[in-house]
Amino acid sequence: MLRRPKPTDSEADLLREQEQFLTSGVPSAANVVRRPDKRRGEAGGGGGLTGSSAGSQKDVVTIDDLPDQLPSLTPAPPKKSRFKASRVTFEDEDAEERLDRHDTHISAVLSKIVVSSSCKVEPKLSSQKESAKSIFARQIAAQRLKEGKVPLQFAPETARTLRPGEQNLPPDFYSLCVLEPPSVSGPRLVSGHGLGGPGSSRDTMRIHMENQAKIQEMSQSEILEEQKKLLSQLDPRLVEFVRSHKAQSILSSDSASRHPEGKSSKENFPLEGVIRESDSSEVDLLVKPKKEWVHMDKLEPEKLKWMRDLPAPRKKDTKKAMQARFDFSGSLIPPTEDLPTHLGLHHHGEEPERAGYSLQELFLLSRSQVIQQRSLALSTLANILSKARAGEFTSVLKGNVMATLLDAGLLFLLRFALDDSVEGVMSAAAHALKALLVCTEDEECLDYTFSWFHGLASFPLLPSAPEEEDEEDEELDESMKQTAKEKEERKSDHDVARQDVVKGLLKIKLLPRLRYILEVIRPSPRVVQDILDILIRIARHSSASAIQVLGCPRLMETVMSEFLPTSWTAPASPLPHSVYGFPLANAMKFLRVLATSGRHACARLLNSLGVRERLSCLLGAEPPELLLEPAEALRITTEAYRFWAVAAGYGQACNLYIDLYSALMKALQSVHQAVNPSDPFLSLQLQRVLALLSLLTQVTHTAGCHQELQAGMVSSQGEECLPPPEVSWGHVTGLQASLVGHLKGFVKSLDNPVERDCSLALIPAYLVYLEAYYRQLTKQNCFKPVDTLQELEQLTSEVLFPLFSHHVVQSLMKNLRSSSVVCNVQSGHQDPETTPNLPGLVCAGWRDRPGLVVPSSPFPLLTGLGLLVQTITGIHKGLSCKFTGLLLSEPVIGYLRSCSQASPTVSHNRAWLLRHEHHLLYLLLQLACKLVARYASLYHQVALVLLPWLLPGSEYLTHELLCTILFNKDFISEGHSGGPEAVELGELKLHEGTPHHPSPSLQTVGALLREACVQLPSIRGCFLTHLAHLESSVLVSQDALLGRNPWINSHLLPELTGPILPSDWSFLPLISLYERAGVSEGGGLAVKELPQGALQVVTHCLQWLLLLEVWREEALKVIPPVAKLARLSCVFLSSSDLFLERPVQKLTWGLFRLLTRHSRLDSLDLNIPPPGLASFQDLYSSLLAQYEAVSFGDQLFGCWVLLPLQRRYSATMRLAVFGEHVGMLRSLGVTLEQLSIPLKRFTSPPEDSLPLLRLYFRSLVTGTLKHCWCPVLYVVALSHVNSFVFSQDAAAQSYKNYSKPLLFRSENSDLFLSDCASCHFFLFFFLMYALFFCFFFLSVTLNPKANHHMCNDFPSPEGAAAALRARNCGKYSAKWFYTHFLSPQ
């Protein structure tokens, strides 16, 4: 009895059992039946029939002359496509290229990531479609036939031993006899096909035997001779047909096996050329299949050809890019690198000679049915994402890798992979998702700055891109419009993920899946850490995301019970196979980030989820006693301290301070032992001590508010109010002495090079704590001023002054500019890749480059020192003079000068660092208020540039700068040191030698500045009033920055949408007035009367702007000149008579003079749109309409309207004046003396706009434009017309011949009469105009007195020479032309 094969059987056992089965004759249990392909016309039932079934075939009735397919009853015309005719195609256009060009598939998206041109390798971005048999295979097959070899796939079927006599036959003999492969067994020389009747097989054998006997008697030469005779007797076309038919069927003919393997000449074998040219799909295989091999009866050459050697990588240099390929570690493989095949990087995809996988191939592999391929692809994508976040591909790849992957659908690919039932694939997907969302170095930087001043606060990582407006809601009423939540629910998953990756993940139910993985699957430790990192990143996104995490069913319970247990046993090994049942530092950090989102979330964690008990369990013992690995014990205690500090920042969990007071004191006393430089875990010990100091600082702030809250509760008389915290001031007073002693020790250890780094890392946290202590001390009833003053003097002399004057600190301060983010906007390092929908901090490689958070940065030390100095100098004002050296030191002054000229950009990757640097600048400015010295102007300049930099969360700093420094006359030293007088002298010097004296109103800038300095307090009140809408934000920021912890609702800063104030904040009063009372949509004024006090507000605003323009010009350089002009235009657009008020007139004249100075006019570009406006032309149209309506010929308004009409600006504005608003020319009476802009800017170069020249000529001819009405534009129009008519340039002449008919043709039928008389009148007028010019030129040329008179009008020799040159050229300057011909005199 035959046995079944077993899995343990070898290949030899299987072959042996196969032979036993075949020899036994037992019928097989199953038969392989080849299903016929009806599309190819194959008949069914023949291939797989057994003996029994073959004999019982059904009867088939056949009808002669019956076609196989039924004819159509009603012949229809051929179908035509409706769309094909509309497509534009070209004869030489490749259809494949056209498809690739319109392809939006994932492969087309991913192929955009290519190696940059520096690699110089030919790209191959699109796949080449191969037919069933490639050209490569056909060429190999043809080569084998040329050599006389048998095609390999037919060898087992056709190979047999040649009989005697057949060996003498030439190879092409059978090609003349056999037209089709024989279908019956027996001799194949003549098959006998067609000989019907009984006994046909015997006749066939008899004929065959006779032929064989006759052929055996013949020699080879006789056979060839008979063959030639036969060929000569046959029709050549028939012979050619037989040969071509044989060439097509030679691959499937059994007679091919009879060909000898040796080479034959073409003369002896005529059909060999046909065989050589035949198309074949054979491949020269390195492995010859054997008959005994199982399932090798049918070969697949297309697959077996990959066993051949790979072609060498292309070395040809090219400027084009190639598709990027990566190895399994995510590294980019250079296109020309030849890697060995044993690395597993070569595959059967595109470009087989190149090692590595493209992004498109990795996406395809990630959806493979093979588990290992899916896991490998996802792991490789995770490594690529990690390196892309580190910025390794920025300089070598074209395009953003992360953005390209997200556009291709990576987010949904990873989400689907998380649902995979195979744990390996799910783990790889979790790791890839972590690599996409989380940057480890970003988290390290945030942890590093946690102990800094206000370091526990952070910005939400929300995308800064504005939301797209829904066009459907624009026409609806406010009540009918959808809310933001409804719009969000309407959007598809793809749209949400395209705008915000984290929101997209939440929408596709990521949190329930992560909970299921943690709770049910219980993955490996790495997957658990990856999931916790993902949850941390989601919690950092926004408070709404943190609430969703807290609300996910059983997620928080799983994290608390599995990764923060209250009891556990010691792990069996340092690296356990499972982290379930052990406390994890990442789990505690996850809770801390959740608590940062709001006080309610923190209270829920403490009270409902049992975090309070976990804190007592983890912090009640020393780290070595926690039965954990030493490094993990330090990490989790550090995170426990940080969570407690966040909770204490809300005034919560303060009762734990009383319960764990002994443990805290024990940890505090062992600080010097913990920071041993020889400790292998020194960095972890330092972070633990810093977290402890942050906790004590927050507890001190909370205790300082106890008395205020207690008093408020007593005075509330039953009204709802905040309860006082459990900890009072008496609980924290004993900490100060111990911490001051520690600080003294660390200051002394600066002299020891071994302990220096540790001391510099810890000193800032001690300074921040002392600042909190002394700030809250002054609010307590136990405050003793005398004792405190003595204590502060002792602290200054023993600690602060030695610290500041220490050579280590002095050398550290020299790194201010190199470490600054403000001064190094364009740093030399490559920024890592980020996408707008997934913002990050971009801290990759922060340890290897200068920056704010590196150990060599002086910012944390100087910030802590500035905080403490500001507080103690506020208590003891006599100590201010001791810190003069800090403000006047060379590094600080150089740093401030660099800041005053910087223009930092605001983004997520800089905002979190800029916030800390803004704190230091603010502290230096506040210290300067008490020590105003010779650098007062510099500090005022820094305050002006710092104000529009401040970010959300720093509103209190904005308010303090406005109140104390910006409008402080002590910081504007020019106002009381002869500044106005110097301006007046400058004005006098400016107008020396000017033939025309300016208007008296233009010489009052000095007096206006003097008045502005007197009105500085009123100006400050004006701006504070207009910023009153920030009051609530100022109070929230004040609570956070001053340590009023019980009033803080969230440590998450407001959303980062930009700075608090715009860069043009100085114009805010004008802009707000225009918005309330300016021009409405209908063209008229929105209100009839100005609000009360509007004149005073505008006057104060203009005074401040004048002061800044004269003495603080650098502070306004961030505002484009066109923006200044647009904002000042609000003076004319806000009211019908505001600009006529005398104070406003004087100040606006002064600002106009400053804006139109020669040095400013070149930088005034009206062709660029001002910020907030679509174009300046729109604003100018409103100005023209307002001028026509209410100007009353005002000279100031007229100069304002004339300014944009300069020749260098767009002709659209000049066309608007002479076309739509031509009526204003009658009242635009600004004289040349009143206009402070040189006339040459209006007349040079000559006008080349034909429509504008036609309007100029029409206004002159019709009398619309007269000198007595509009002198400036009269001269301008006449100068341009004169230049056009009397141009001597050859090119201009040809242009003029074409354009004169256009110039003198009117577009308005009402302008010129249409009858013949009017045409004659116009012609007569033009001839008289030309004759008058000719007579005038002749008289000037022939009359010497006229020449002398003309030269006298130009007092300088250069002017006379210019006039004579103008006369010789036949044209004169605009000024001379105006004086001698157009002037009324």
Side-chain angles (χ1 to χ4, degrees), residues 105-107 109-111 113 323-333 343-349 355-390 392-393 400-440 493 497 501-502 504-505 508-511 513-514 516-518 520-535 537-538 833 835 838:
H105 191 256
I106 180 177
S107 59
V109 178
L110 292 176
S111 61
I113 296 295
Q323 190 170 6
R325 293 190 174 273
F326 306 88
D327 60 11
F328 297 133
S329 64
S331 301
L332 183 68
I333 300 178
L343 298 178
L345 297 174
H346 294 82
H347 51 83
H348 299 171
Y357 289 82
S358 64
L359 297 178
Q360 175 185 347
E361 292 163 352
L362 290 174
F363 261 62
L364 294 176
L365 283 179
S366 65
R367 293 172 291 172
S368 171
Q369 295 183 357
V370 182
I371 297 174
Q372 292 81 357
Q373 289 182 348
R374 297 203 301 271
S375 301
L376 184 64
L378 292 172
S379 301
T380 306
L381 285 173
N383 296 331
I384 293 173
L385 288 170
S386 299
K387 293 183 181 297
R389 272 196 168 276
E392 296 186 12
F393 304 140
N400 190 311
V401 175
M402 292 186 61
T404 304
L405 289 173
L406 289 174
D407 292 342
L410 175 67
L411 203 64
F412 299 94
L413 175 68
L414 299 181
R415 179 62 186 89
F416 299 153
L418 281 176
D419 293 335
D420 202 301
S421 58
V422 181
E423 184 176 350
V425 178
M426 180 272 301
S427 303
H431 187 58
L433 187 60
K434 182 248 183 182
L436 173 66
L437 297 178
V438 182
C439 180
T440 307
D493 297 344
V501 170
V502 175
L505 288 172
I508 58 181
K509 308 300 182 183
L510 175 67
L511 294 178
R513 180 58 184 173
L514 296 181
Y516 178 84
I517 294 174
L518 293 177
V520 180
I521 299 179
R522 302 172 71 89
S524 61
R526 194 192 77 163
V527 179
V528 172
Q529 298 288 354
D530 291 342
I531 292 177
L532 290 176
D533 288 335
I534 293 171
L535 292 174
R537 177 60 180 84
I538 294 175
E833 292 185 2
T835 56
L838 188 63

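We count residues from 1, following the sequence as given. We use all heavy atoms of the structure for the numbers below, so side chains are in, but hydrogens, waters and symmetry mates are not.
Taking CE of M426 as the reference point, atom CD1 of I517 lies at 5.0 Å (rounded to 0.5 Å). Taking CD from Q323 and CG from L359, the interatomic distance works out to 8.0 Å, rounded to the nearest 0.5 Å. Distance check, rounded to the nearest 0.5 Å: OG of S366 to CZ of R374 gives 9.5 Å. In this structure, CG in L405 is found 8.5 Å from CG in L436, a value given to the nearest 0.5 Å. Here OG1 of T380 is found 8.5 Å from CG of L365. Values are rounded to the nearest 0.5 Å. The line from NE2 of H431 to CG of L381 is 11.0 Å long, rounded to the nearest 0.5 Å.
Ring centroid separation for the pair F363 and Y357 does not come in under the 6.0 Å cut-off.
In this structure, R389 contributes its side chain and L437 its backbone to a donor-acceptor pair below 3.5 Å. With hydrogens and angles ignored, the 3.5 Å screen pairs no side-chain donor or acceptor of D420 with any backbone N or O of F416. Formation of a donor-acceptor pair under 3.5 Å by the E361 side chain with backbone atoms of S358 is found in this model.
The shortest side-chain heavy-atom distance between K434 and R537 does not fall under the 4.5 Å cut-off. Within the 4.5 Å cutoff, the side chain of P525 has no heavy atoms near those of the Q529 side chain. A heavy-atom distance below 4.5 Å is found between the side chains of L510 and I538. Counting heavy atoms from C-beta on, the side chains of F393 and N400 never come closer than 4.5 Å. Here the side chains of L505 and I534 are not in contact, with every heavy-atom distance at 4.5 Å or above. Proximity of R367 to L413: side-chain heavy atoms (C-beta onward) are separated by under 4.5 Å at one or more points. Between L535 and I531 the shortest side-chain heavy-atom distance falls below 4.5 Å. At a threshold of 4.5 Å between non-hydrogen side-chain atoms, the residues L410 and T404 do not count as touching.
Shortest non-hydrogen contact noted between A432 and L414 is CB-CD2, 3.7 Å. S375 and A428 make their closest contact through O-CB, 3.9 Å (heavy atoms, listed as atom of the first residue, atom of the second, distance). Between H347 and G356, the shortest heavy-atom contact is NE2-O, 2.9 Å. Here the shortest heavy-atom pairing between G330 and I384 reads CA-CG1, 3.7 Å. Across D530 and A430, no two heavy atoms sit closer than the pair CB-O, 4.2 Å. Across every non-hydrogen atom of A497 and L411, the tightest pair is CB-CD2, 3.7 Å.
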Carefully, step by step, assess L343 and F328 under the rule side-chain contact (heavy atoms from CB on, under 4.5 Å).
-> CA-CA 10 Å; L343 298 178; F328 297 133; over 6 Å; no
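Residues forming a salt bridge (Lys or Arg N to Asp or Glu O under 4.0 Å) with D327 (at least two apart in sequence, or on another chain): none.
Taking a cutoff of 4.0 Å between a charged side-chain nitrogen and a carboxylate oxygen, R415 and D419 qualify as a salt bridge.
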